[in-house]
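Below, chains carry the letters A, B, ... as their sequence lines are ordered, and counting in each starts from 1. Hydrogens, waters and symmetry mates play no part in the numbers below; they use all other heavy atoms, side chains included.
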2 protein chains.
Amino acid sequence: MASDHTRSAILAAAERLYADRGFGDVTLRDIVAEANVNLAAVNYHFGSKDELIAELFVSRSIATNRERLRELKAAEEQGGGRAPIEVILRALVGPTLRGCLGPENQRSTAARFMIRASIESVPPIRRIKNREIDHLRKFAGAMRRSLPDRSDVDIYWGLNFALAMAHHTIRESERLTKLSEGKCDLDDVEDVVARVVSVATTALTAGRTETKAPSRVVAR
Amino acid sequence: MASDHTRSAILAAAERLYADRGFGDVTLRDIVAEANVNLAAVNYHFGSKDELIAELFVSRSIATNRERLRELKAAEEQGGGRAPIEVILRALVGPTLRGCLGPENQRSTAARFMIRASIESVPPIRRIKNREIDHLRKFAGAMRRSLPDRSDVDIYWGLNFALAMAHHTIRESERLTKLSEGKCDLDDVEDVVARVVSVATTALTAGRTETKAPSRVVAR
DNA sequence: GATAGTTTCATACAAGTGTTTGAATTGCAA
DNA sequence: TTGCAATTCAAACACTTGTATGAAACTATC
């Protein structure tokens, strides 16, 4: 193991560069230059470029997932195995939003990297994301316990919409700021979390009527 | 101008290949092979690879935007300059959802291309997307007229969330199907539209002026 | 301090990229 | 037909990419 100084220097440089300039136009040569390290070091320590990216993404996303599950577990234990839907949704979208939004100048490199990973979609990351389904299933289960009257379909749609609002807000935060001429304050993370949770909760609890209406609206 | 057969053959081949395999690993050589055309033809007819991609994306997205505005204008005229919020939202997300979802085997190449463009994000497309803000402002205006009591901030957040649900559902349709084990039927486009519009409407009207239960929206 | 195992380094490699070139071919008008 | 522009073509260009190599420089153990 000696000194893995080189190893972590590469990781840090790669994270910073990918965060700033995206996966598209950052080459191994850029990374090793930034890290003051030899070109061959990447392949020596990580095997390949893709494995470097994967390691970067995995370590960040398991941290987020762990935080999500920690909040979920705490909420369900406190509620005797059944947590309020708002709290579940907050555990789902809170960690991601808190990690990726907030005042830009105090936004961590890790956070900016994860934003990149959510905007661009590069093969090694896509492969990892596909394994996230099991993780989401745990939330679907908690939501089902919280809203036993709701159909599975509605639960899944609610979960989908909650993630949609969180991720899209992160991805397009710049555009929303520009569109609203700064009126939507994306640095106020807790307000964003509250808005997302509120809408998702309403979507899951309002309109008791059976959702799947037989009346079909014909398009075009 | 003679025969622009070559030109359109390239466009068709590029659209098909990009739709199927993504921008990442489709080269000019792949495209010209698919189009049975010489390699130099792309640069001759389009100037560069990026301009080819841009032309492809522009033509598709102005078609969508035109359809959106057509629906919006019709709705506002019918309501005397003020359309119901549900109808506005439907005009916003309907065309995109209808264009990108639906039974896969009968999904047009154009639709599949637009899905790709929404998943991967390649420089020439990103540049064009940034010009979409003016287009969205028109919808923000219509929404403000429809809900004069609502603050601008709320309007923009509602707009953001509506787009979020539509785009995320398109981007992650495969994952949602897998997660729900097929229970969420993404081929039933009108149901998806209704769900998105319903949630977005609730988000925009909840806790304020009551506009009846916005459960089921029927348009046209 | 010799030895064996890591780690670093300069360099080369092979493959692929978009683009350019200049000659051939085509199509059409005079 | 002839002439001329538009188009097509094969080939090469210039460059970048990730990866591999084998020697050199370390490091720790005996």
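The heavy-atom pair separating A/R112 from A/R16 by the smallest distance is NH2-O, 4.3 Å. Summarising the geometry of A/D30 relative to A/D25, their closest heavy-atom pair is OD2-O, 3.8 Å, with the distance given to 0.1 Å.
Between A/L52 atom CG and D/dG18 atom P the separation is 11 Å, expressed in whole Å. Following rounding to the nearest Å, A/D4 (CG) and C/dT7 (P) show an atom-to-atom distance of 9 Å. Put simply, NE2 on A/H5 is 16 Å from C1' on C/dT6, counting in whole angstrom units. In this structure, B/F46 places its CZ atom 12 Å from P of D/dT7, rounding to the nearest Å.
Of the residues in residues 32-40 of chain B, B/N38, B/A40 come within less than 4.0 Å of DNA chain D through at least one heavy atom, sorted by number.
Salt-bridge annotation for A/E71 and A/R90: absent, with no side-chain N of the basic residue lying under 4.0 Å from a carboxylate O of the acidic one.
Nearest to the side chain of A/H45, among C/dT8, D/dT7, C/dG18, sits C/dT8. With C/dT19, D/dG18, D/dT7 as the candidates, the nucleotide lying closest to the side chain of B/L28 is C/dT19. The side chain of A/N43 approaches D/dT19 more closely than any other nucleotide in the set C/dT6, D/dT7, D/dT19. Distance from the side chain of B/T27 is smallest for C/dG18 among the nucleotides C/dG18, C/dT8, D/dA6.
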At a cut-off of 3.5 Å, list every protein nitrogen or oxygen paired with a nitrogen or oxygen from nucleotides 23-26 of chain C, distance to 0.1 Å.
none

